[in-house]
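So the structure is just underneath, and the comments pick up after that.
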Amino acid sequence: MKTTADLEWLESASARDLLSMACGHLKLDASIVALAPADTNALSFGNTPHEELQTLFAPHFPAGTDVAADLADEVQLCRAFAEPRLILGEIETKIEGIVSKFPTVAAHIQVGANKGDVLDPFILAANFDLLSGRNMDRTIEMTIAHKILMKIEDLLGGMHELVIGSMRGNFRVPEPLQTLSGSKNVLHPATNPFPGADIGQVPLPQTPNKIRLFQCKNKTGSAKGGDGARLGQQLRLLAETYGAETFYAAIVGNTLVGHRSKGAVLKASPETAVLVGNAALAELTRSDSGAELLLRTYRRAFRTVSHKTGYDFESVSTGIVADFSKLTAGGDFIDSWLHQAMGGPRVDQDSRFAQ
DNA sequence: CTGTGCAATATGGCTATTAT
DNA sequence: ATAATAGCCATATTGCACAG
């Protein structure tokens, strides 16, 4: 299995091998490689905090350049991914996809992709009076920002899965494509082997028969209602079926206090480890610098995509304000939107009239 | 006995992806 | 195109433990 090989390389290679790989990617002189300690392996060198790596490299590059920082980035990236360029490209594509769906005209905030999701005129009114100092431009800017941030929330959940699932030794559990057995929740050896898991890890040399399976959430409050019980049952089934070690991990957060589904998961699956924050990332990334690594990866991608797409929030919101002004034609824009948001032909609004 | 804080459970309002 | 499923956050409600 490829993921096994990725991990084994890291454990058998030396610190200098890893640094050599990073220098190769950045086309830096190979003489730098001697900076890495001779007696350290690639895994622990790659787990060195960014700050420390940068300090190690800095004296050997011209002051005032970013080379030392970039090299530190690259070492951490090579530690995490067998093919960092490939994964960075995938992340950028994903971000670009979301940015391309950011609102650019009024219609994009007035109604969502689902025709039923209309901009709420009552929230608009609250925004106007309570948040925006009765200023229409600010009200609309807030509305746009809210829409965008919701899209970003969604993006990040998916990116954590993509990025962590692509790290050395990890694999992603794809959404089952065909549900022969009727539901995505039902275990099926061929079509849906790991229901309830997002990410898996190949067995470690220390525990050769233990596959490790993770359900990943963004925060501890992400799962709602009956999710916890369902996920717990699924995790327990995975443990029973494969002898798997199971984890219920939330990426963001610093305490289990306030966890909304820990109890339900543990009740259904007492052997599952419930983790949050660095504790979760330590298991998922096998590194103490997991959070730093994620941030490093994302920031690089955000910056690249920002330059590439040139989405300009200021000018978009100016344009959308103009669209609203046109619609309003001098009247009260919230009143005007109220009618737009609620009015329509009876056949569209009353099931008794619908054809 | 009452007030307080916590955890668990629900509800409501969104978007994205896949199956039908 | 629509339904089902899954992901997200904010907030309300309820039961329980504990302090006063």
Side-chain angles (χ1 to χ4, degrees), chain A residues 90-91 93-104 107-127 130-131 142-165 172-188 191-192 194-199 214-235 248-270 272 274 276 341-342 348 351 354-355:
Chain A
E90 281 182 53
I91 296 168
T93 304
K94 218 171 165 76
I95 299 172
E96 277 179 65
I98 288 290
V99 173
S100 74
K101 288 171 195 164
F102 281 1
T104 54
H108 294 157
I109 59 167
Q110 289 168 343
V111 51
N114 178 342
K115 294 291 169 212
D117 299 335
V118 171
L119 173 60
D120 186 326
F122 306 108
I123 294 178
L124 196 65
N127 176 353
L130 296 172
L131 273 61
M142 289 241 189
T143 303
I144 301 168
H146 179 241
K147 182 79 134 187
I148 292 175
L149 288 169
M150 285 189 70
K151 288 179 187 292
I152 291 176
E153 273 172 24
D154 199 59
L155 167 78
L156 281 170
M159 286 214 318
H160 291 328
E161 265 185 56
L162 170 68
V163 173
I164 295 171
R172 282 209 299 150
V173 176
E175 282 292 304
L177 291 180
Q178 260 142 8
T179 52
L180 299 175
S181 42
S183 159
K184 289 186 180 184
N185 296 334
V186 177
L187 190 146
H188 185 287
T191 58
N192 193 11
F194 305 121
D198 301 313
I199 290 172
F214 294 79
Q215 167 65 227
C216 291
K217 296 275 174 259
N218 191 6
K219 295 192 190 169
T220 62
S222 297
K224 65 170 185 175
D227 291 350
R230 178 177 49 79
L231 292 168
Q233 283 161 18
Q234 290 175 332
L235 289 170
Y248 186 53
I251 307 298
V252 179
N254 52 23
T255 174
L256 290 172
V257 172
H259 200 302
R260 286 186 171 76
S261 43
K262 179 187 67 178
V265 166
L266 287 177
K267 193 156 55 174
S269 182
T272 294
V274 181
V276 61
M342 317 283 284
D348 292 347
S351 67
Q355 301 89 338

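Residue numbering restarts at 1 for every chain, and letters A, B, ... go by the order of the sequence lines.
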Legend entry - Closest approach of A:Glu161 to A:Ile199 (non-hydrogen atoms, all atoms of both residues):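 Smallest interatomic distance, heavy atoms only, reads O-CD1, 3.9 Å.
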In whole angstrom, what separates [X]'s [atom1] from [N]'s [atom2]?
X	N	atom1	atom2	answer
A:His108	B:dA16	NE2	C1'	16 Å
A:Glu161	B:dT17	CD	C1'	13 Å
A:Leu156	C:dA6	CG	C1'	17 Å
A:Lys217	C:dG7	NZ	C1'	7 Å
A:Asp198	C:dT5	CG	C1'	14 Å
A:Ile123	B:dG12	CD1	P	14 Å
A:Phe102	B:dC14	CZ	P	19 Å
A:Ile152	B:dC14	CD1	C1'	15 Å

Minimum-distance nucleotide to [X] side chain [options: [options]]:
X	options	answer
A:Gln215	B:dT15, C:dG7, B:dT17	C:dG7
A:Asn218	B:dT17, C:dC8, B:dT15	C:dC8
A:Lys151	B:dC14, C:dG7, B:dA16	B:dA16
A:Asp120	B:dC14, B:dA8, B:dT15	B:dC14

Under 3.5 Å: donor-acceptor pair, side chain of [X], backbone of [Y]:
X	Y	answer
A:Ser269	A:Leu266	no
A:Asp198	A:Gln215	no
A:His146	A:Met142	no

